[in-house]
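Accompanying notes for the structure given below.
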Amino acid sequence: MQKPPACPLSHLHIYSLYPFLSIIIMAFSFSFTALALLISSLAAAFLLLFRRTRYLRMGLPPGSLGFPLIGETLQLIKAYKTEDPEPFIDERVTRYGSVFTTHLFGEPTVFSADAETNRFVLQNEGKLFECAYPASISNLMGKHSLIRMEGSLHKRMHSFTMSFANASAMKDHLMVDIDRLVRFNLGSWSSRVLLMEESKKMTFDVAVKQLTSFDPGEWSENLRKEYHLVIEGFFSLSHPLFSTTYRKAIKARRKVAEALTAVIMERREEEKEGAERKTDMLAALIAADDGFSDEEIVDFFVAILVDAYETTPTIMTLAVKFLTETPLALAQLKEEHEKIRAMKSDSESLEWSDYKSMTFTQCVVNETLRVANVIGGVFRRAMTDVEINGYKIPKGWKVFLSFRGVHLDPNNFNDARTFNPWRWQSNSVTTSPSKVFTPFGGGPRICPGYELARVAISVFLHHLVTSFSWVHEEKDKMVFFPTTRTQKRYPITVKRRGGGLSST
Ligand code: HEM
Ligand SMILES: *[C@@H]1O[C@H](CO)[C@@H](O)[C@H](O)[C@H]1NC(C)=O
Ligand SMILES: *[C@@H]1O[C@H](CO)[C@@H](O)[C@H](O)[C@H]1NC(C)=O
């Protein structure tokens, strides 16, 4: 016979109580998590409040630091992935004023959408503030790129770069080179082109010519493909351990370095054998008194190619986009360029004086730079405690100088969010533009390629409007993160003017 359970009640007890018990346990653990959540969110809120009051006591501009660690980074990225990222800055400027404290890309940051503050910080480069690029970018650029140089070396190399892109260089030979390379590219256009791709090719060819005197060909096209991978690495915002894009970029950079090193060695050899010295940057770097190493020259070139490869082609493409959407401006631009072309034979190159006569074109270029903001702003780091406009920026803090915020501020430009090239003709620019218009930065680190970029864009527009008409039919959204671009690279269908569709 089976032994009865020692205690039937206990038996019952367990079974009958089980659901109840689990409810109690659940309830208990529930309230425990709730409690834990409550405590941790109270702690977080307290911490935020504490951080906030501590920062306010430090005399920092007002603002919000968002969540711990990620701060307001996600809000920024989300906004910049849409066609209208302006509310991100607008909301904060309305709440806190044009200089505010935020937390971006892992660090508390003072964000300035104020022209006066931006100018002060740019002018005090190397004294109160220094360049502060994320490590992923400066590693790809290389040790000897301009953005990582400081002090007197930076000063010398900055003016060196400038002298290869200034007005005299342009008059001397660059103008003719740019004219030829732009025509060469447009000559290959058939019915449908991706404008962003084509303008990247043109810009790259111009940069390679300026650096090494090489004309476009298989060599430069292969280099450009590797280069493209390096550029993608820049915007992967990631760590080599986690990002294949970044790893590919590092590999591609090594290949670019090898290709350039071969060119440098060959040139050194030629010069030893007494070949005539060329007028390019490579010749000047080799001839420099302090004798730059191959590695230094490579880094220097890589950085210049990076600067030229993203910015100028984006402005070329967006100028066409804005003109397409503003037929009156396009008509006026055409008229200006047809007048210039009418005085020349078809094959005659543009000259410096032609460039100088393109007054409306300069309005279009400025307005495109203002509205597009390819470089939306720059990061700096305070080298010491700095006081600006009654606020204090503590030593070691990051500052983001937003050019975008200033360029799209209705206090600086009437109807600031509209593309209106005519504003540059009249006095409709509220304040003097030189004070509020800084698409190329300012101070000791002002873009040394600013004149070259303007010329390249103008020459491109000249040949585009005098040789082609075009239509843009596909819907193509603009986004601003990780870089300013249209998602489909702005496809257009072109037609050679005065003839049928060309397929040369
Ligand atoms: C529309 C075209 C361009 C725009 C909007 C642009 C904009 C800028 C800006 C805003 C800076 C300042 C960065 C800072 O202060 O941290 C800069 C720096 C620089 N740019 Fe450009 N750029 C353009 C085209 C070019 C071209 C064609 C070159 C080629 C020569 C170039 C070469 C450089 C270099 C080497 C620097 C670093 C200067 C330094 O750190 O001292 N840029 N650019
Ligand atoms: C341009 O650079 C050259 C050096 O190559 C210099 O002699 C000249 O004065 C500069 N020109 C201008 C207009 O800055
Ligand atoms: C375009 O902007 C520059 C400043 O970058 C300024 O010097 C120039 O006068 C402007 N051009 C026109 C046509 O207003």
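Order of listing sets the numbers, starting from 1, for every ligand and every atom in it. Because the structure is a prediction, the values reported are computed rather than measured.
Summary of contacts: the protein heavy atom closest to atom 16 (O) of ligand 1 is Y133 OH, 2.9 Å.
Neither the backbone nor the side chain of Q210 has any atom closer than 4.0 Å to an atom of ligand 1 (non-hydrogen atoms only). Both the backbone and the side chain of R445 come within 4.0 Å of ligand 1, counting heavy atoms alone. By the criterion of a heavy-atom distance under 4.0 Å, the side chain of R380, and not its backbone, is placed next to ligand 1. With a heavy-atom cut-off of 4.0 Å, R454 touches ligand 3 through its side chain alone.
Using a cut-off of 4.0 Å between Lys/Arg side-chain N and Asp/Glu carboxylate O, K255 and E226 are scored as salt-bridged. In summary, R417 and D409 do not engage in a salt bridge, as defined by a charged side-chain N under 4.0 Å from a carboxylate O. Salt bridge annotation for R148-D299: absent, with no cationic side-chain nitrogen under 4.0 angstrom from a carboxylate oxygen. Salt bridge annotation for R489-E197: present, with a cationic side-chain nitrogen under 4.0 angstrom from a carboxylate oxygen.
Here the options are T466, D354, T361, the test is side chain to side chain donor-acceptor pair (under 3.5 Å), and the partner is H337; only T361 passes.
Distances below 4.0 Å separate heavy atoms of H154 from the following atoms of ligand 1: 39 (C), 40 (O), 41 (O). Those atoms of ligand 1 that come under 4.0 Å of a heavy atom in V378, given as number and element, are 13 (C), 14 (C), 15 (O), 16 (O). Heavy-atom contacts of W424 reach the following atoms of ligand 3: 14 (O) (cutoff under 4.0 Å). Residue-ligand proximity, T312 to ligand 1, at heavy-atom distances under 4.0 Å covers atoms 2 (C), 24 (C), 27 (C). Contact atoms of ligand 1 toward P439: 5 (C), 7 (C), 10 (C) (distance under 4.0 Å to a heavy atom of the residue). Remark: ligand 3 atoms within the under-4.0 Å shell around heavy atoms of F437 are 2 (O), 4 (C), 5 (O). Close contacts of ligand 1 with I315, meaning ligand atoms under 4.0 Å from a residue heavy atom, involve 1 (C). Heavy-atom contacts of N366 reach the following atoms of ligand 3: 1 (C), 2 (O), 3 (C), 8 (C), 10 (C), 11 (N), 12 (C), 14 (O) (cutoff under 4.0 Å). Taking every non-hydrogen atom of V374 and a distance limit under 4.0 Å, the qualifying atoms of ligand 1 come out as 5 (C).
For E387, the CD atom sits in a packed shell: over 12 heavy atoms of surrounding residues, nucleotides or ligands are nearer than 6.0 Å. Other residues, nucleotides and ligands contribute more than 12 heavy atoms inside 6.0 Å of the CD atom of E83.
In this structure, K398 is positioned above the aromatic face of F379, its NZ or CZ under 6.0 Å from the six-membered ring centre and within 45° of the axis.
Protein neighbours of ligand 2 below 4.0 Å, counting non-hydrogen atoms: S163, N166, S168.
At a cut-off of 3.5 Å, with distance as the only test, no side-chain donor of R423 or N366 sits close to an acceptor on the other residue. A donor atom on one side chain and an acceptor atom on the other are not found under 3.5 Å apart for T312 and T203. Under the 3.5 Å distance criterion, with hydrogens and angles disregarded, a donor-acceptor pair is assigned to the side chains of R445 and H154.
Taking the six-membered ring where the residue is Trp, Y309 and Y227 present perpendicular rings, their angle passing 60° and hence far from 30°. Between F111 and F400, the ring planes lie tilted relative to each other; the angle falls in the 30° to 60° range. Relative orientation of the Y80 and F88 rings is perpendicular, given thresholds of 30° and 60° on the angle between their planes.
The shortest N or O to N or O distance between T359 and ligand 3 is not under 3.5 Å.
In terms of modelled atom types and a separation under 3.5 Å, the side chain of R404 and the main chain of G377 share no donor-acceptor contact. No donor-acceptor distance shorter than 3.5 angstrom exists from the side chain of R381 to the backbone of W397, with no hydrogens or angles considered.
For T161, the closest heavy-atom approach to ligand 1 does not fall below 4.0 Å.
Listed by first then second residue, pairs satisfying salt bridge (Lys or Arg N to Asp or Glu O under 4.0 Å) with a partner in residues 159-173 number zero, not counting sequence neighbours.
Remark: H472 engages Y490 in a ring pair (Phe, Tyr, Trp, His ring centres under 6.0 Å) (not counting sequence neighbours).
Listed by chain and number, the protein N, O or S atoms at a distance under 2.8 Å from atom 21 (Fe) of ligand 1 are C447 SG.
Among I304, V365, L401, the residue whose heavy atom lies nearest to atom 29 (C) of ligand 1 is I304.
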